[in-house]
Amino acid sequence: MSQPGAAARKLEEQRLYLKESTTGHTVQVPAETFLAHYTNLLHSQRDTDNLVAHVEKKLKADDSLGRNGWSATNVIGRNEDSAFKGLAGIAEEIHSHCVDWNKTKQHPKLRHRTTRLICRPNHTTASEVRGGSMKTDARFILLKEDSKGNGTLTDIDPNHVPTSAAVCPAEFKTRSTTELRIDNESKVLGAVGHILYADPCRRSVIAFTIEDHLMRFWYFSRSHIAVSAAFDYHANPGLFIRFVIFMTFAPLEDLGYDPTVKRVRVGEELNIQYRFTIRDKVYQTTGVIYEMNLDIVTRATRVWEVVELDSNFQPIGTHKVLKDVWLYFDATPESHIYNAIFAALRQLDEDGTVADSERPPPLQPGSSLEEDAKHYFMTIVSDSVVSINGQPDEAKEPPEGYVEFCYTEAEEKFAMEATIAGTSRGEVDDYTPQLKRVDRAPYPHKKRTHRRIVFDEVCRTLYKVLSYADFTKGVAQLVYGLEYMRLAGFVHRDISPGNCLIFNGQTKISDLEYARPYAAPGHGAAPLTGTPGFMAVEYQFGGHLFRPQPPTTDFFPGESPPPTPPTPLPWFKFNFLHDLESVLWIYLWFLLDTLPRTFTPVQIEQHKTAILRLNHMLFNFSLDVSAQRLVLMQNCATDMQSAYGEIVDALTKVYGVDSKLPKALQSFKTLSTCYRIVEASQPLLVESPQATHWDRKAFLHKFYKAIHIYLMDAHDQMKDKSDEARPLSDSLREAQHRAQQARQAAHKRPRTLEDNEDYVPPVRPDEDEDSDSTSNGTSSPTEETQVCKKKRQRGGWA
């Protein structure tokens, strides 16, 4: 079997990722329940039943629906394309009979057609963003779209359908086997994932799949995924008829579109921006600051740079930042958390209980805690719930009586190969074992509320900072920003490069949706919040790892067994040091995910193996804590060399023995000591284990100060230099590109024996009596093959 190409392999990896990430978020309900909960168009069971019965009767009269089911979709002896192409005609007939029924009923929901079904399995949608195109066996598409954002609707060409107009993807199989069900599930997940990723105007997506005579309906939202139990759509045609009626006549908002967002073409054909209506204001995007990943059930955070528009859609005022996010319905709004933090600091200022020696150095002489803290946070202009037709925009909960859905399992070999392919980040010859967390709670299928927040400052995330001076300064300032949260009594719980911003040289902490008062009940280790690559180790593990341990007996002289977690306490709570540890993982990630921009291809080749190996080992972004991270954090306080020796050595070779960039990793040792100090103290025991926590007084200013000093030492060495980093992936691509250019240039030179020892000249008859060359003196096929082989070995010919 031939190996799949890079694009096909990447597509399979994305589909596998989506299946893994949606496991635990997917429920199954009966088909009747699905239609009533997710596709209830007429809002009257009597009207719905009468309409479906009318359409079914007409279809039987037309012989479109016979005793054995749908005559246009016979799968016997036919391939997918021919077996199911008749569905488009069936949908047209259903539409026609609905129009006929509504001539007398005059139901307002049936006055305007919204979509049509097309069955073109080889047709690829046109995407407006990279990676947003898709190919499905069939899809409902919009009839018209507002392509310019000015309210003027234009017809959509079925031969050129943009992804934004693909309403409902579908996948078909003529047989129902394990392998084919896996393929349908993977493909529909991939299609929906790309729709929701590519189009900010989409809130949810509906899909359907068929395997032989069995049909399933699918619903995808930011709160959960629902799939109907499979049913025989030949024996139960009414279910399919009702589904088609909904898909044909439902208004855009019921089909998952957001009427408060308009796509706008600006200048060039493919320059797509988005126009948001937020209460009485209109903002238009000018660029992307942060784009969500491919996940479906998620907060789906997107961040844009925007400008406000006047009534004539002309820009006014300065640029701002717009954040679009789906939060659990009971989550505290971000603006309320900001206000609570500043109120707590204001109270401390009034009480005068925090000495100057127990707080970060004032930014201005005599400045208050609240005044200084505001430099570390964004300024909120507005924070509101998205409203659609006068109602809050919410991703609903699943209906009652659902069961957890398990995706069809592949063969073990396929799953293993796909998992390895999906987690590999480079040329790594080993893997990272995972330690399973204990007592991981199931994901809640909770309702989510759609919110939009406008901020005054336009910032860069740490992901986009490549200056060594700016990055080291940014993470050092982040330490003190988190200390102000500690003084206010709040933990952030989601520190990552995407949530740490730089504005005019000042670090600002954002994304406070998960921030909570430290002493409040809850926020233990289940479910996890945050970005896995930057989570604290014991938070991922789900238990305390730094409590005093009894002495162990040496197995052999001078050799001790590896550290083992102490006996777990009956409680666990996210604390201030967990936020602080995330800062150090961000710093280490930067050093292992970049190389100096000045590196030549030879230098890149020299260091890439060691850096890639460490990068993969420590930053595989799994929810389960890696064994390497666990051992590293537990050992570094007592044996820094064994814990971090390989990392420091590799980075010292990159940056030099005098560089303080690797030396700042001593902060991990300091942090490990801080953990031990806190966990050797007595917790504040309360009635509920969920509210038990370490005393806030155990978390000291000197913890933050010590780590800040290490990071500032690295900054002080780099602040007068203009050195910049290049992302590791870019460095590897650049090195490969330069090497390829060099090879191509070498093969364009005239080849002589003097300057190219690999060159093999044609063998002529007068030079070799045994030659197989022809009488005109050209080289034989065998000799030409030898020359080609040498060139291919050297990479000269692609």
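- Under the salt bridge (Lys or Arg N to Asp or Glu O under 4.0 Å) criterion, R222 pairs with no residue, sequence neighbours left out.
- In this structure, CD1 on I604 lies 11.5 Å from CZ on R733, to the nearest 0.5 angstrom.
- When all heavy atoms are compared, the tightest approach of A650 to A610 is CB-CB, 4.4 Å.
- Remark: W694 engages H544, W571 in a ring-ring contact (aromatic ring centres under 6.0 Å, His included) (not counting sequence neighbours).
- D295 places a side-chain heavy atom less than 4.5 Å from the side chain of Y17.
- Side-chain atoms of H693 and N575, non-hydrogen and from C-beta on, never get closer than 4.5 Å to each other.
- Y338 is not listed as a side-chain neighbour of S335, based on a closest heavy-atom distance of 4.5 Å or more.
- Residues D579 and F574 meet the side-chain proximity criterion, which asks for heavy atoms closer than 4.5 Å.
- Listed here is the closest heavy atom pair of L462 and F471: O-CE1, 3.8 Å.
- The number of heavy atoms from other shown groups lying within 6.0 Å of NZ (K663) is above 12.
- Applying the side chain to side chain contact (heavy atoms under 4.5 Å, CB included) test to A476 and every residue at least two apart in sequence or in another chain returns H708, L711, M712.
- Residues in residues 484-506 take part in these ring-ring contact (aromatic ring centres under 6.0 Å, His included) pairs, two or more places apart or across chains: Y376-Y484.
- Residues C459 and V321 come closest through the heavy atom pair N-CG2, 4.4 Å.
- Between the side chain of R203 and the backbone N or O of L196 there is no donor-acceptor pair closer than 3.5 Å.
- Residues satisfying the salt bridge (Lys or Arg N to Asp or Glu O under 4.0 Å) test with D383, not counting sequence neighbours, are R451.
- In this structure K464 satisfies the salt bridge (Lys or Arg N to Asp or Glu O under 4.0 Å) test with no other residue, sequence neighbours excluded.
- For the pair R302 and D324, the salt-bridge criterion is not met [side-chain N within less than 4.0 Å of a carboxylate O].
- In this structure a side-chain-to-backbone donor-acceptor pair under 3.5 Å is missing from D723 to M718.
- The salt bridge (Lys or Arg N to Asp or Glu O under 4.0 Å) pairs that include a residue from residues 502-512 are K323-D511, where partners are two or more places apart or lie in different chains.
- Evaluation of the ring-ring contact (aromatic ring centres under 6.0 Å, His included) rule for F668 yields W585, Y644 as partners, not counting sequence neighbours.
- Between atom CG of residue D713 and atom OG of residue S667 there is a gap of 10.5 Å, rounded to the nearest 0.5 Å.
- Side chain of Q717 to main chain of K660: a donor-acceptor pair is present (N/O by atom type, distance under 3.5 Å, no hydrogens or angles).
- With hydrogens and angles disregarded, a donor-acceptor distance shorter than 3.5 Å links the side chain of N615 to the backbone of L592.
- Closest non-hydrogen pair, P360 versus L487, comes out as CD-CD1, 4.2 Å.
- Formation of a donor-acceptor pair under 3.5 Å by the H715 side chain with backbone atoms of A469 is found in this model.
- With sequence neighbours left out, the side-chain hydrogen bond (donor to acceptor under 3.5 Å, both in side chains) criterion links R696 to no other residue.
- The only member of Y518, F699, F572, F534 that meets ring-ring contact (aromatic ring centres under 6.0 Å, His included) when paired with H578 is F572.
- Aromatic ring centroids of F576 and F703 lie 6.0 Å or more apart.
- Donor-acceptor pairing under 3.5 Å is recorded for the side chains of Y407 and T26.
- With sequence neighbours left out, the side chain to side chain contact (heavy atoms under 4.5 Å, CB included) criterion links T507 to Q477, L478, I502.
- Checked by atom type and distance alone, the side chain of K19 never pairs as donor or acceptor with a backbone atom of E185 at under 3.5 Å.
- Under a 3.5 Å cut-off, the side chain of T531 and the backbone N or O of G533 do not form any donor-acceptor pair.
- The ring-ring contact (aromatic ring centres under 6.0 Å, His included) test with Y463 is passed by exactly one of Y290, W589, F590: W589.
- Atom NZ of K702 has 12 or fewer neighbouring heavy atoms from other residues, nucleotides or ligands inside a 6.0 Å radius.
- Between L612 and L728, the closest side-chain pair of non-hydrogen atoms falls below 4.5 Å.
- A side-chain N or O of R676 and one of S672 form a donor-acceptor pair less than 3.5 Å apart.
- Two residues are said to be in side-chain contact when any heavy atoms from C-beta on lie closer than 4.5 Å; S221 and V297 fail this criterion.
- When all heavy atoms of D494 and G530 are compared, the closest pair comes out as OD1-CA, 3.0 Å.
- Ring to ring, Y539 and F541 are not that close: their centroids are 6.0 angstrom or more apart.
- Counting heavy atoms from C-beta outward, D470 and K473 have side chains that stay 4.5 Å or more apart.
- Annotation: salt bridge (Lys or Arg N to Asp or Glu O under 4.0 Å) contacts of E305 (sequence neighbours excluded): none.
- Of all the heavy atoms in T22 and L18, the pair that sits closest is OG1-O, 2.7 Å.
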Given ring pair (Phe, Tyr, Trp, His ring centres under 6.0 Å), test Y468 with Y655 step by step and report yes or no.
CA-CA 12 Å; Y468 287 103; Y655 296 103; 5.7 Å; yes

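- Within the 3.5 Å criterion, the main-chain N or O of L661 finds a donor-acceptor partner in the side chain of Y587.
- Proximity of E513 to V325: side-chain heavy atoms (C-beta onward) are separated by under 4.5 Å at one or more points.
- Annotation: the span from C500 atom SG to I495 atom CD1 amounts to 4.5 Å, rounded to 0.5 Å.
- In this structure a side-chain-to-backbone donor-acceptor pair under 3.5 Å is missing from T285 to G287.
- For L11, the side chain to side chain contact (heavy atoms under 4.5 Å, CB included) partners are Q14, R15, H194, not counting sequence neighbours.
- Between Y675 and E581, the side chains place a donor N or O and an acceptor N or O closer than 3.5 Å (distance only, hydrogens not considered).
- Taking CD1 of I707 as the reference point, atom CG of L580 lies at 4.0 Å (rounded to 0.5 Å).
- Rounding to the nearest 0.5 Å places CD1 of I453 at 9.0 Å from CG of L322.
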Pair M378-S510, side-chain contact (heavy atoms from CB on, under 4.5 Å): steps then yes or no: CA-CA 7 Å; M378 305 281 285; S510 68; 4.3 Å; yes

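- Distance CZ/F377 to CD/Q506: 10.5 Å, rounded to 0.5 Å.
- Between E404 and H25, the side chains place no donor N or O within less than 3.5 Å of an acceptor N or O (distance only, hydrogens not considered).
- Side chain of E724 to main chain of R597: no donor-acceptor pair is present (N/O by atom type, distance under 3.5 Å, no hydrogens or angles).
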